[in-house]
Amino acid sequence: MDWFKSLSNVLYIDLTRKTYWVESREELFSKWLGGIGVATQLYKEEVPRNADPLGPENVIIFAVGPLTGLYPLASKTIAVFKSPLNGYFAESHAGGRSALAIRFAGYGAIVIRGVSDRPIYVVIEDDKVRFRDGATLWGMRSTETVGRILREVTSGPGYRAIMRIGRAGERLVRYASVVTETYRHFGRLGLGAVMGSKKLKAIVVVGRKGFKVPDIPTYRAVYDEIYQLAVKSPAMKKYHDLGTAANILALNSIKALPTRNFSSGVFELAGEVSGEKLAETILARRVACAGCPTACVHIAALREPYPEEPYFYKVKFLSYDHEPLYALATNLGIGSREGFLKLLDVVEEEGLDVISTGVVLAWATEAYINGLISEKELLTKLGWGDYESYIKVVRNIVLQPNDFYKTLALGVEEVAKKYGGLDYALAFNKVEPAGYHTGPLYIISLIVGSRHSHLDSGAYSIDQELLASKKPLPTPQEAVERIVEEESWRQVLTSLVICLFARGIYKPEIVEKCLKPLGKSLSTEELKKLGRDIWVEKQLIKYSEGFNVLNVRIPKRVLETPTPHGVVDENYVREALKYFDLIINLSRKLKT
Amino acid sequence: MRRLVVVDVNKCVGCQLCMLACSRRFGIVGYSKSAIWVRSAGGFERGFTIVVCRACKDPPCARVCPTNALRVRDGGGVILDMSKCIGCGLCRDACDIGAVMWDYEVGKPVICVHCGFCVNYCPHNVLALEEVS
Ligand code: SF4
Ligand code: SF4
Ligand code: SF4
């Protein structure tokens, strides 16, 4: 079958009635390419504005794009759903084998509707979908075990993605993640809880097909060009060598590494948990998403003796990069690599988002030290660096033995509203931030970004560029323009769908070239306009759901702790937000 | 004559660029025409298993073919004559290492011809072409 025709197939799965069907949505894919562009439109069709994120009206949409599997680094799947963490349109990305499996099963998108009456898992194998009983897997303590079992009982190794949730998702922790291929995550915004609410333990996708590209010689030539760029370009070097963990020392040296709940930008033990140190001491294996030569996934080996059994060891393999290191090491004052990995192990087993979990733990530590909560609520003592206690807290976030933990499972905003400490409850629009304290542009981007993610616009690197070039800060209006422009371009990349780590390679002229062999010609101008349109669509959906940048709380802490650009001026941020609001109002008028 | 060899499976990162390259020979994007198969050795943490024809001198697949569609290649391995192949699948069952892949779209086997195209796209030098007599 032809490339675009097969991409236009949308697989609909109804969990309530346990049925499925395929619809060709050529009009959607030809206008919006794929990925986030198409997923946004599907969300608009599917989710009523006041839908309960944990109710039957919410849907889970997975989408890939026209370049998925076609070129190196086009290796990601976009998930779209309504977030149970903040109640708005949400988006989360992951790779592993998910993208190629969906694409080569013959789909451009999958829409999962309804709720099952009992735990199940779904197996999508090329054209067939099977609903399988999930009672035995439900409640299992480790996502790793669930993966192991599903590897045994389903077919298609090598052509397969196994996306699953842990107990955190089952118990509706609002920041539960979905794990795929053990080391990749749809981490942010609570997709795990949405799956849990649908009683959907796992989704296995097997895709073995292949599709014809219209212009084969051109395709091969463009492929070779991208491949050379991917393996030689300095733009990929960082991800290839130390991985994003290289950020730890880099950020620390400019005093922008969030430490002990953002109370400082410098961690005195950064050298112990740096990418360099980890590579030297415990890096054991490198792994890639299907279709990617970079292999940014760094896996560490944790060797632990059994205390009662001499000469018996357990060896666990855990993947690390910058975000887990910030969330579960520097921001909790943990300078022990072993401690960090042990904590990470539990977070992975339970299927929690590592960033949100780390921020929640950091708040709890401070609230405990300040006497807002005591051992009565926490059921343990707590102090910076005390990873053993953090492990207990993580288990209890999942088990929720008392009211305090039930609230902690709702996210840092909710728990601080109830128990106090809002000034140091790090969340923007209820979303716990990633590991940068680089300056005002990053803070603005967390408020205005469509998914409140550091990757929306990568504004942490704009902050760093300004610093390196010793340029003064742009005006707040210019800052917003830059952020929006970058975020708009990223809508193109995530519609195609390209891994955002490859943004240095996939410049507009290259993207134009990549589409040619598919018989699709889009100019740089047209691509940029499309990106902007998708960005507007997303923002307007969120606004229709009640979102407004002027109402987003800015945690005092980020305005107190100096960044490399000094203490951030709140007025600067507020000015930027006002300007952003203007843009949104204008966009809305233009649309109607 | 040359044959494809796996030089060091421990360096494999599971990117599957080799599998994609193999189907790309025919202008196909996907896995349907791939004669090489990379899967995890029981979870990514344990590394990968690469399954591909190792160019046997006395190939069992050729021995069981009822229509003589598989001709033994100089230097080992086989060449498939599509017009003779009836898609019975006996060769697939006969290969001890499972290196006869299956093209589900046409219902016929896919077997490595040791062309070395995939070698050019293995970013970690896991694969190579080797001279054989
Ligand atoms: S760079 Fe990393 S995340 Fe991106 S596709 Fe490659 S392995 Fe996956
Ligand atoms: S040597 Fe040629 S036929 Fe064999 S696996 Fe590589 S690309 Fe395919
Ligand atoms: S291209 Fe090389 S590293 Fe990638 S899967 Fe194939 S053999 Fe392994």
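Values below: every heavy atom of this structure, side chains too, minus hydrogens, waters and symmetry copies. The sequence lines fix the lettering, A, B, ..., with proteins before strands; numbering per chain opens at 1. Keep in mind the model is a prediction, meaning the values are calculated, not measured.
- Under the 4.5 Å side-chain criterion, counting only non-hydrogen atoms from C-beta, B/Ile28 is not in contact with A/Phe211.
- Using a 4.5 Å cut-off on side-chain heavy atoms (C-beta onward), A/Ile216 and B/Phe26 make no contact.
- Looking at A/Arg151, only its side chain comes within 4.5 Å of chain B, counting heavy atoms on both sides.
- The OH atom of B/Tyr104 sits 13.0 Å away from the CG atom of A/Asp127 when rounded to the nearest 0.5 Å.
- In this structure, A/Lys513 places its NZ atom where only 12 or fewer heavy-atom neighbours from other residues, nucleotides or ligands lie under 6.0 Å away.
- Counting heavy atoms from C-beta on, the side chains of A/Leu100 and B/Leu20 come closer than 4.5 Å.
- Atom CD of B/Gln16 is separated from atom OG of A/Ser75 by 11.5 Å, given to the nearest 0.5 angstrom.
- Between B/Arg24 and A/Tyr223 the shortest side-chain heavy-atom distance falls below 4.5 Å.
- In this structure, no portion of A/Arg103 lies under 4.5 Å from any heavy atom of chain B.
- Note: A/Lys212 NZ to B/Ser23 OG = 11.0 Å, rounded to the nearest 0.5 Å.
- Interface remark: A/Arg160 contributes no atoms to any contact with chain B (heavy atom separation under 4.5 Å).
- With a threshold of 4.5 angstrom between heavy atoms, B/Asn120 approaches chain A through N, CA, C or O but not through any side-chain atom.
- Contact residues of residues 32-50 of chain B toward chain A are B/Ser32, B/Trp37, B/Val38, B/Arg39, B/Ser40, B/Gly42, B/Gly43, B/Phe44, B/Glu45, B/Arg46, B/Gly47, B/Phe48 (heavy-atom distance under 4.5 Å).
- Within a 6.0 Å radius of CD in B/Glu131, other residues, nucleotides and ligands contribute more than 12 heavy atoms.
- Other residues, nucleotides and ligands contribute only 12 or fewer heavy atoms inside 6.0 Å of the CZ atom of A/Arg303.
- Heavy-atom distances place the side chain of A/Glu144, and not its backbone, under 4.5 Å from chain B.
- Counting heavy atoms of neighbouring residues, nucleotides and ligands inside a 6.0 Å radius, atom NZ of A/Lys128 does not exceed 12 of them.
- Around the CZ atom of B/Arg25, the shell of radius 6.0 Å holds more than 12 heavy atoms that belong to other residues, nucleotides or ligands.
- Contacts with chain B were tallied for A/Tyr183, A/Phe317, A/Tyr159; A/Tyr159 has the most, counting heavy-atom pairs under 4.5 Å.
- Both the backbone and the side chain of A/Arg286 come within contact range of chain B, with heavy atoms under 4.5 Å apart.
- Options A/Asp126, A/Val231, A/Asp224 differ in how many heavy-atom pairs under 4.5 Å they form with chain B, and the most are formed by A/Asp224.
- For the set A/Lys209, A/Lys316, A/Glu181, the entry with the most heavy-atom pairs within less than 4.5 Å of chain B is A/Lys209.
- Across B/Val29 and A/Gly69, no two heavy atoms sit closer than the pair CG1-O, 3.3 Å.
- Heavy-atom minimum distance, A/Ala290 versus B/Tyr31: CB-OH, 4.1 Å.
- Ring geometry, A/His240 versus B/His124: the interplanar angle falls under 30°, so the pair is classed parallel (tilted spans 30 to 60°).
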